[in-house]
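Report on the structure given below.
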Protein chains: 2
Amino acid sequence: MAKARDPAIRTLLIERAGRMLRTREPITLRSLVAGTGVSTMAVYTYFGGMDGVWKALRQEGFTRLAARLATVPETADPVRDLAALGAAYLRNALDNPDLYRAMFDAGFDLEDAGAADDTLHRLVRGVERAAEAGRFRRDVAPLDLAVQSWAAGHGLVSLVATGPLPREALAHGVPLLTALFVSAGDDPARCRRSVEAGWADLLPG
Amino acid sequence: MAKARDPAIRTLLIERAGRMLRTREPITLRSLVAGTGVSTMAVYTYFGGMDGVWKALRQEGFTRLAARLATVPETADPVRDLAALGAAYLRNALDNPDLYRAMFDAGFDLEDAGAADDTLHRLVRGVERAAEAGRFRRDVAPLDLAVQSWAAGHGLVSLVATGPLPREALAHGVPLLTALFVSAGDDPARCRRSVEAGWADLLPG
DNA sequence: GGCAAAGCATAGCAATGCTATGTATCGTGG
DNA sequence: CCACGATACATAGCATTGCTATGCTTTGCC
């Protein structure tokens, strides 16, 4: 009953936009379609305008973040894994700084909330694992501790990636997370070792 | 030897830009000077372009933040004062959300670092006061704890102001700061009371 | 008092996102 | 099988953006 739209065009434009974001080329309506053979109208057909492109980029960013967090293994030390989740979060933000800015700084849409929830859920699961392993007190609400860890990590990486703090300031993440996990009941010395282990591969770079 | 420029025009434009930012009107070259009688060229004479206007707005934001932090009194409970500094920081960000975004999300210039340093310095002083009062261990570096508190507060208010967290999530600031200050050596129960006292007037609103 | 340097006003430029209009193309109902 | 209608697509154009070029005006020093 009508001309069908080609899904390949949509993914092509999203991937191209992601590449341009990484290359720090300005993403404009015309520069996005330049050289691809598709016309400017395709952006309106498939995304409804440039806002739709940015929204798609945000979802792409959350997908990539979720994939990154999924690579964090579950070891015998759940607090270490929790710290590793935080480290993966920071590394993802530092590897895709402009995408990270697009995700949080630009207009955060309500439709993005679902994708952000996935991120949070992984943290909640990590806290629950640590609680089940007896590392945290029984009365700590996993969601609360997860939100607090998220806020701490997000603030740190924001101040480093697009703010005034130098990259070495990332090291503050260790005492930050340690303080949080200790406040949840973990043994201070043991917690410190766990967090440092989870952050081991982030700090040198 | 030349026509002198009128400083009043500069402050007029800055104040007008600040008003437009609060009113959420888009700040464009032409909308900024519309109705003021000054021509578009004045923006280039006094700011060198729109980038200069945004830079001036950032400095204005830091000035306002510093003024806000200066209103926090120094009581007999330095940990309470420290928490009150954090509360004032958050309240300032929530009262001027767009200005706050302009300060951190947009291109943070190296010239803004000085203004940001002032903010940090106030935190450092607060930590030093608490340390001198014996609330913190001797071996805590005031700068480190200040940076960590800053990151936690910044992350929390960012996720609330322009992110996915609801406003009630601000309450997480209390356990966050408490965890940090306890990790610095403060007594847990006493610290909790101090932080809650410092945040008292932030949480209801 | 005249001259040079700077402020200022107007007009115009390229680039932006978006829309209007016409054409091509596909899926479906008869 | 084919014609119709809906939708994708292409081109051109619009208003707006930041910025610059070009004169004109004003101001202050020799």
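Note that this is a predicted model, so its numbers are computed, not measured. Order of the sequence lines sets the chain letters (A, B, ...), proteins ahead of strands, with each chain counted from 1.
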Test ring pair (Phe, Tyr, Trp, His ring centres under 6.0 Å) on A/F104 and A/F62; report intermediate values, then the result. CA-CA 10 Å; A/F104 289 107; A/F62 280 113; 5.8 Å; yes
Non-hydrogen atoms of A/D77 and A/S194 that approach each other most closely: OD2-OG, 2.6 Å
Checking all strands, does B/M50 fall into the base, sugar-phosphate, or nothing category for heavy-atom contacts under 4.0 angstrom? sugar-phosphate
To the nearest Å, how far apart are B/W54 CH2 and D/dT17 P? 13 Å
When all nucleic acid strands are considered with a 4.0 Å heavy-atom cut-off, which category describes B/L32: base, sugar-phosphate, or nothing? nothing
Could you give the CG-to-C1' distance, from A/L13 to C/dG17, as a whole number of Å? 16 Å
Cut-off 3.5 Å, side chains only: do A/S158 and A/R101 have a donor facing an acceptor? no
Taking every heavy atom of B/F181 against every heavy atom of B/S149, the minimum-distance pair comes out as CE2-OG, 3.7 Å
What's A/I27 touching, base or sugar-phosphate or nothing? Going by heavy atoms closer than 4.0 Å. sugar-phosphate
With a cut-off of less than 4.0 Å, is there a side-chain N or O of B/Y44 near OP1 or OP2 of D/dC19? yes
I want to verify a distance call: between D/dC14, D/dT17, D/dC9, whose nearest atom is closest to the A/S39 side chain? D/dC9
To the nearest Å, give me how far apart CG (B/D6) and P (D/dT27) are. 11 Å
Taking only side-chain nitrogens and oxygens of B/Y46, does any of them come within less than 4.0 Å of OP1 or OP2 of C/dC8? yes
Measuring from the side chain of A/M41 (C-beta onward, heavy atoms only), which nucleotide among C/dG7, D/dA10, D/dG13 has the closest atom? D/dA10
Please determine whether a side-chain nitrogen or oxygen atom of B/T28 lies at a distance below 4.0 Å from atom OP1 or OP2 of D/dT17. yes
If the plane angle is over 60° it's perpendicular, under 30° parallel, otherwise tilted; pick one for B/H154 and B/Y100. tilted
Just how far, in rounded Å, is C1' of D/dT20 from CG of B/D51? 15 Å
B/R30 CZ - D/dT16 C1' separation (whole Å): 7 Å
note: B/F47, atom CZ; D/dC19, atom P; distance rounded to Å ~ 13 Å
For B/R5 and C/dA5, what is the distance between atoms CZ and P respectively, to the nearest whole Å? 16 Å
Name the residue closer to the 5' end of DNA chain C, choosing between A/T40 and B/A42 according to the nucleotide with the nearest heavy atom. B/A42
